Amino acid sequence: MPELPEVETVRRGIAPVLLGRRLVRVLQRRPDLRVPLPEDMAGRLAGRKVVAVNRRAKFLLIDLDDGATLIIHLGMSGKFVILKGAAGAPDRFAPHDHVVFDTDGGDRLVFNDPRRFGLMELAATGDLDKVRWFRGLGPEPLGNEFSAAVLSESLRGRRTSIKAALLDQKVVAGLGNIYVSEALFRSGISPRRSAHTIPGRRAERLVPAIREVLEAAIRAGGSTLRDYVQADGALGYFQHQFLVYGREGQACAAGCGGTIARIVQAGRSTFFCGNCQK
DNA sequence: ACGCCCACCTGGAGGC
DNA sequence: TGCCTCCAGGTGGGCG
């Protein structure tokens with residue numbers, strides 16, 4: 001599923017369809033995703049105008065003209081499909097089409113999520129910090145508040161691996177399994193290294209590596225492995241630029257002569273070059 | 001408090 | 001073809 005670059009790509013894809021548009025009809029096809037959908041969500045959204053489409057970490061934030069924000073997480077397999085000009089069309093749905101938005105611009109937006117790890121929730125726009133999904137969330141890696149000093153501070157004293165620490169959304173918000181492996185490779189840091197050894201010079205390398213890999217992935221429209229597609233159906237192509245993820249047994253892209261290894265940490269695959277990453 | 005393991009779900013890939 | 005096992009871009013709860 002989607003990590004920060006994929007969610008940002010989805011945001012950019014759905015924003016033109018939603019921004020300034022009124023939701024003329026919302027259809028909720030099942031009562032729950034990962035958690036129960038908001039009580040009468042379809043009724044509360046119908047007639048509302050979208051005033052902003054933002055992102056925080058891996059969440060999409062759709063601000064409405066009544067002071068509410070629709071919070072959406074794509075989970076592992078959630079995606080949006082844009083059907084241009086399909087608003088008001090007969091209801092013919094694909095498997096796992098869970099929520100349908102028709103706008104007064106004439107377009108239809110369909111949320112599809114086979115695994116149903118995604119979620120939607122409504123909250124007051126001014127109170128998002130109090131929402132349980134956002135409490136304790138770390139800094140945005142592409143924002144000014146993320147720095148080597150800030151990262152060092154949150155890693156100080158942590159005994160877990162740097163791989164696991166970077167997956168912790170309280171440390172930095174938006175990285176997932178792919179981009180953690182990629183950022184660690186780019187900064188020459190072993191994923192097995194204990195997090196408390198990162199503060200200082202290693203953090204000075206890691207922070208720009210995180211920023212660079214995320215920015216490059218956004219430029220490429222994200223990474224398409226299985227489920228993920230951009231909202232217009234286009235595939236992301238950053239997967240072709242992976243240096244380590246999914247490349248077990250292949251030669252290290254840095255030309256060091258080493259081979260990419262796969263290990264399991266905290267139940268998730270990690271890919272790295274034991275030669276380049278110390 | 002922290003860190004690890006598991007569950008939550010479905011589908012695709014690969015082995016036999 | 002078919003069945004069975006493993007694996008997958010995430011996250012939070014429960015346990016030690």
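Chain A is the first sequence line, chain B the second, and so forth, proteins listed ahead of strands; every chain is numbered from 1. Just so you know, these numbers come straight off a predicted model, no measurement behind them.
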S.K.: Any N or O donor-acceptor pair under 3.5 Å from the base of B:dC9 to the side chain of A:Arg116?
M.R.: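 Per atom types, no contact qualifies.
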S.K.: Counting only side-chain heavy atoms from C-beta out, which of B:dT10, C:dG10, C:dC7 sits nearest to A:Arg262?
M.R.: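 Of all the options, the side chain of A:Arg262 is nearest to C:dC7.
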S.K.: Fit a plane to each ring of A:Trp133 and A:Phe59, take the angle between them on a 0 to 90° scale, and name the class: parallel (under 30°), tilted (30 to 60°) or perpendicular (over 60°).
M.R.: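 A:Trp133 vs A:Phe59 ring planes: tilted.
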S.K.: Hey, is A:Arg30 close enough to A:Asp32 for a salt bridge, meaning N to O under 4.0 Å?
M.R.: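 So A:Arg30 pairs with A:Asp32 through a salt bridge.
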S.K.: Nearest-nucleotide wise, let me know which of A:Gly267 and A:Phe59 is further upstream toward the 5' end of DNA chain C.
M.R.: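 It is A:Gly267 whose nearest nucleotide is closer to the 5' end.
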S.K.: Quickly work out the A:Leu33 CG to C:dG12 C1' distance and round it to whole Å.
M.R.: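 Result: 16 Å.
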S.K.: Looking only at side-chain N and O atoms, does A:Thr270 offer a donor or acceptor that is under 3.5 Å from a partner on A:Ser181?
M.R.: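 Checked: A:Ser181/A:Thr270 side chains show no N/O donor-acceptor pair below 3.5 Å.
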S.K.: Mind checking the P distance from C:dG14 to B:dC9? Whole angstroms is fine.
M.R.: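 Rounded to whole Å, the distance is 16 Å.
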S.K.: Could you tell me the separation between the NE2 atom of A:His73 and the C1' atom of B:dC9, rounded to a whole number of Å?
M.R.: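 In whole Å, B:dC9 C1' and A:His73 NE2 are 15 Å from each other.
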S.K.: Please confirm whether the shortest side-chain N or O distance from A:Ser269 to OP1 or OP2 of C:dA8 is below 4.0 Å.
M.R.: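 For C:dA8, OP1 or OP2 has a side-chain N or O of A:Ser269 closer than 4.0 Å.
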S.K.: Is the ring pair A:Phe242/A:Tyr179 parallel, tilted or perpendicular, if the boundaries are 30 and 60 degrees?
M.R.: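 Correct class here is perpendicular.
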S.K.: Is the aromatic ring of A:Phe117 within stacking range of C:dT11, meaning centres under 5.5 angstrom and planes under 30 degrees?
M.R.: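 Base of C:dT11: not stacked against A:Phe117.
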S.K.: Distance check needed: C:dA8 P versus A:Arg115 CZ, whole Å only.
M.R.: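 After rounding, the reported distance stands at 10 Å.
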S.K.: Once you round it to whole Å, what is the distance between C1' of C:dG12 and CG of A:Leu119?
M.R.: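 Roughly 12 Å, once rounded to whole Å.
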S.K.: Hey, does A:Gly176 reach any base, or is it just sugar-phosphate, or nothing, if we go heavy atoms under 4.0 Å?
M.R.: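 Here A:Gly176 touches the backbone only, sparing every base.
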S.K.: Atom NZ of A:Lys79 to atom P of B:dT10: distance rounded to whole Å?
M.R.: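 My rounded result for the distance is 14 Å.
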S.K.: Taking only the side-chain heavy atoms of A:Glu3 (C-beta and beyond), determine which of B:dT10, B:dC4, C:dG10 contains the nearest atom.
M.R.: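 Looking only at heavy atoms from C-beta outward on A:Glu3, the closest nucleotide is C:dG10.
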S.K.: At 4.0 Å (heavy atoms only), tell me whether A:Arg158 reaches a base, stays on the sugar-phosphate, or touches nothing.
M.R.: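 If one applies the 4.0 Å heavy-atom cut-off, A:Arg158 turns out to touch the sugar-phosphate alone, with no base involved.
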S.K.: Can A:Arg22 and A:Asp65 be counted as an ion pair, charged N to O under 4.0 angstrom?
M.R.: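 Salt bridge flag = yes for A:Asp65 with A:Arg22.
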S.K.: What's the closest nucleotide to the A:Met76 side chain, out of C:dT11, C:dA8, B:dC4?
M.R.: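 The nucleotide sitting nearest to the side chain is C:dA8.
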S.K.: Look at A:Glu140 together with A:Arg56 and state whether they make a salt bridge at an N to O cut-off of under 4.0 Å.
M.R.: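 Yes, this pair counts.
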S.K.: Please state whether the phosphate of B:dC9, meaning OP1 or OP2, lies under 4.0 angstrom from any side-chain nitrogen or oxygen of A:His96.
M.R.: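 Checking A:His96 against B:dC9: no side-chain N or O falls below 4.0 Å of OP1 or OP2.
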S.K.: Taking A:Glu153 for its side chain and A:Ala149 for its backbone only, find out whether a donor-acceptor pair lies under 3.5 Å.
M.R.: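 Not at all, since once roles are kept as given, no pair shorter than 3.5 Å links the two residues.
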S.K.: Without decimals, in angstroms, what is the distance between A:Arg135 CZ and C:dT11 C1'?
M.R.: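 In whole Å, C:dT11 C1' lies 15 Å from A:Arg135 CZ.
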S.K.: If you check every side-chain atom of A:Trp133, which of C:dT11, B:dG3, B:dT10 has the closest atom?
M.R.: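 Out of C:dT11, B:dG3, B:dT10, the nucleotide with an atom closest to A:Trp133's side chain is C:dT11.
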S.K.: Give the rounded distance in Å between these two atoms: CG of A:Leu167 and P of B:dC5.
M.R.: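 Roughly 14 Å, once rounded to whole Å.
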S.K.: Taking atom C1' of C:dA8 as reference, at what distance in whole Å does atom OH of A:Tyr245 sit?
M.R.: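 In whole Å, C:dA8 C1' lies 7 Å from A:Tyr245 OH.
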S.K.: Regarding A:Arg262 and A:Ser269, is there a side-chain donor-to-acceptor distance under 3.5 Å anywhere?
M.R.: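 Side chains of A:Arg262 and A:Ser269: pair found under 3.5 Å.
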S.K.: Classify the ring geometry of A:Phe80 against A:Phe101: parallel below 30°, tilted from 30° to 60°, perpendicular beyond 60°.
M.R.: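 If you compare the ring of A:Phe80 with that of A:Phe101, the planes turn out tilted.
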S.K.: Is the phosphate of B:dC2 approached by A:Lys170 (side-chain N or O, under 4.0 Å from OP1 or OP2)?
M.R.: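 No, outside the criterion.
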S.K.: When you check the phosphate oxygens OP1 and OP2 of B:dC4, does a side-chain N or O of A:Thr160 lie under 4.0 Å from one of them?
M.R.: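 Checking B:dC4 against A:Thr160, a side-chain N or O does come within under 4.0 Å of OP1 or OP2.
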S.K.: Using a 3.5 Å limit on both pairing distances, list the dot-bracket string of DNA chain C from the 5' end; Watson-Crick and G-U wobble pairs count, crossing pairs take [ ], interstrand pairs take |.
M.R.: .|||||||.|||||||
S.K.: Check if the side chain of A:Arg268 and the base of C:dA8 share a donor-acceptor pair of N or O atoms closer than 3.5 Å.
M.R.: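 Absent.
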S.K.: What's the closest nucleotide to the side chain of A:Pro114 if the choices are C:dA8, C:dG12, B:dG11?
M.R.: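 Out of C:dA8, C:dG12, B:dG11, the nucleotide with an atom closest to A:Pro114's side chain is B:dG11.
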S.K.: Looking at C:dT11, B:dT10, C:dG10, which one has an atom nearest to any side-chain atom of A:Gln169?
M.R.: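 In terms of side-chain proximity for A:Gln169, the closest of C:dT11, B:dT10, C:dG10 is C:dT11.
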S.K.: Considering only C:dG13, C:dC7, C:dT11, which nucleotide approaches the side chain of A:Arg132 most closely?
M.R.: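 Nearest to the side chain of A:Arg132 among the choices is C:dG13.
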